[in-house]
Amino acid sequence: MSRLIAPALDILAVVIFALVGRRSHAHGITLTGVLETAAPFVCGTAAGWLLASLTLDASPRTWQFGAVVVVATVVIGMLLRRLAASGTAPSFIIVATIFLAVTMLGWRLIAKLMA
């Protein structure tokens with residue numbers, strides 16, 4: 001069970017990002033809408049987990065692992081949004097990067113401080 005907490009927290013960060021974004025842009029909070037917004041970033045998060053797991057000799061709770069996940073989440077998420085003709089404005093990329101870095105690295109910092 002504890003093996004699922006770290007990826008679940010990263011996915012939760014993406015879902016919260018989608019919820020906040022949809023609410024702040026008055027797109028409505030529906031399950032379909034949130035999943036549509038979150039899906040490209042969830043794919044990026046999964047890819048980041050795979051990449052970090054294969055290339056790093058570090059725990060998923062380390063900042064190094066988290067950094068790989070953040071970068072993959074943003075890069076792949078934005079590429080998939082671009083392929084789907086969704087918005088990838090520079091301001092959106094900046095906001096997404098900051099939000100996801102703060103949340104995905106933030107829970108890792110909190111976990112480290114609590115250990």
When you group the ILVMFWY residues by side-chain heavy-atom contacts below 4.5 Å and let the links chain together, are Val20 and Phe92 in the same group?
yes

Leu79 vs Val75 side-chain heavy atoms within contact, under 4.5 Å:
yes

Quick one: CZ on Phe99 to CE on Met104, what's the gap to the nearest 0.5 Å?
9.5 Å

Could you state the interatomic distance from OG1 (Thr88) to CG (Leu83), rounded to the nearest 0.5 Å?
10.0 Å

Shortest non-hydrogen separation from Leu100 to Val70 and the atoms involved:
O-CG2, 3.9 Å

Taking Leu19 as the starting point, is it possible to reach Leu35 by hopping between hydrophobic residues whose side chains are less than 4.5 Å apart?
no

Rounded to the nearest 0.5 Å, what separation is found between the CZ atom of Arg61 and the CD1 atom of Ile5?
6.0 Å

Atom CD1 in Ile76, atom OG1 in Thr45: separation rounded to 0.5 Å?
9.0 Å

Do Ile93 and Val95 share a hydrophobic cluster (ILVMFWY, side-chain heavy atoms under 4.5 Å, transitive)?
no

Roughly how far, to the nearest 0.5 Å, is the OG1 atom of Thr73 from the CE atom of Met78?
10.5 Å

Which is it for Leu113 and Leu109 under the side chain to side chain contact (heavy atoms under 4.5 Å, CB included) test, yes or no, and what are the steps along the way?
CA-CA 6 Å; Leu113 293 173; Leu109 176 61; 4.1 Å; yes

Look at the aromatic rings of Phe41 and Phe17 and report parallel, tilted or perpendicular, splitting at 30° and 60°.
perpendicular

Give the cluster check for Val74 versus Ile11: same hydrophobic cluster or not, with ILVMFWY residues linked at side-chain heavy-atom distances below 4.5 Å.
yes

When you compare the side chain of Ile16 with that of Thr103, does any pair of heavy atoms fall below 4.5 Å?
no

Roughly how far, to the nearest 0.5 Å, is CG of Leu105 from CZ of Phe65?
12.0 Å

Please check: side-chain N/O of Arg81 versus main-chain N/O of Thr37, any donor-acceptor pairing under 3.5 Å?
no

Closest approach of Cys43 and Leu80, non-hydrogen atoms and distance?
CB-CD1, 3.7 Å

For Gly48 and Ala72, the nearest pair of non-hydrogen atoms, with its separation, is CA-CB, 3.3 Å

With a 4.5 Å limit on heavy-atom distance, are the side chains of Arg108 and Asp10 in contact?
yes

Within one Ile-Leu-Val-Met-Phe-Trp-Tyr cluster: Leu50 and Val71, side-chain cutoff 4.5 Å:
no

Show, in sequence, the C-alpha distance, side-chain angles and deciding distance for Asp57 and Gln64, and conclude whether the side chain to side chain contact (heavy atoms under 4.5 Å, CB included) test is met.
CA-CA 10 Å; Asp57 187 25; Gln64 296 93 335; over 6 Å; no

